[in-house]
**Q** 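Structure incoming, see below.
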Amino acid sequence: MGKLIWIILIVLGVYVGMTVYTEGTDHAFGGIFASGTNAGLSAEPHTTPMKRAEDSVRKSLDASVDRVERGLANAD
């Protein structure tokens, strides 16, 4: 019975951790993990870590394409 309780606690901990990781502290579970006086009232839109990483990669790729296009234009 003790092993079952530990397994349930571990699964619950992983679930809470993944929810906070994917949603952020301001949005996970209604913001109960948020800190600060204006938690949940930020002006920036809700973004997940994966969305921020995607945006960063997209900006880098766009910058790379721009450099290549400028280089090709200068070669003419």
Side-chain angles (χ1 to χ4, degrees):
M1 186 65 176
K3 288 182 183 181
L4 180 63
I5 292 173
W6 279 111
I7 291 172
I8 290 172
L9 288 174
I10 290 171
V11 170
L12 183 64
V14 169
Y15 170 73
V16 168
M18 289 303 296
T19 302
V20 170
Y21 177 74
T22 58
E23 298 293 325
T25 57
D26 290 340
H27 300 284
F29 306 112
I32 61 172
F33 296 116
S35 62
T37 57
N38 60 350
L41 302 175
S42 63
E44 60 189 49
H46 172 179
T47 58
T48 63
M50 291 301 292
K51 180 66 176 153
R52 290 191 303 268
E54 178 185 344
D55 292 342
S56 176
V57 169
R58 192 168 312 280
K59 284 181 192 176
S60 296
L61 288 174
D62 290 343
S64 176
V65 169
D66 289 340
R67 279 194 306 272
V68 169
E69 289 175 351
R70 282 194 318 264
L72 290 175
N74 291 339
D76 292 336

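Keep in mind that the numbers below use all heavy atoms, side chains included, and drop hydrogens, waters and symmetry copies. All residue numbers in this chain count up from 1 along the given sequence. On a predicted model such as this, the values are computed, not experimentally measured, just so you know.
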**Q** Write out all pairs satisfying salt bridge (Lys or Arg N to Asp or Glu O under 4.0 Å) with one or both partners inside residues 53-67, taking only residues at least two apart or from two chains.
**A** Lys51-Asp55, Glu54-Arg58

**Q** Can any side-chain N or O of Ser56 pair as donor or acceptor with the backbone N or O of Arg52 at less than 3.5 Å?
**A** no

**Q** List, by chain and then residue number, the residues other than Val57 in its hydrophobic cluster (Ile/Leu/Val/Met/Phe/Trp/Tyr, side-chain heavy atoms under 4.5 Å); write none if there are no others.
**A** Leu61

**Q** side-chain contact (heavy atoms from CB on, under 4.5 Å) with Leu9: which residues, sequence neighbours excluded?
**A** Ile5, Trp6

**Q** Do side-chain atoms of Ser64 reach the backbone of Ser60 as a donor and acceptor pair under 3.5 angstrom?
**A** no

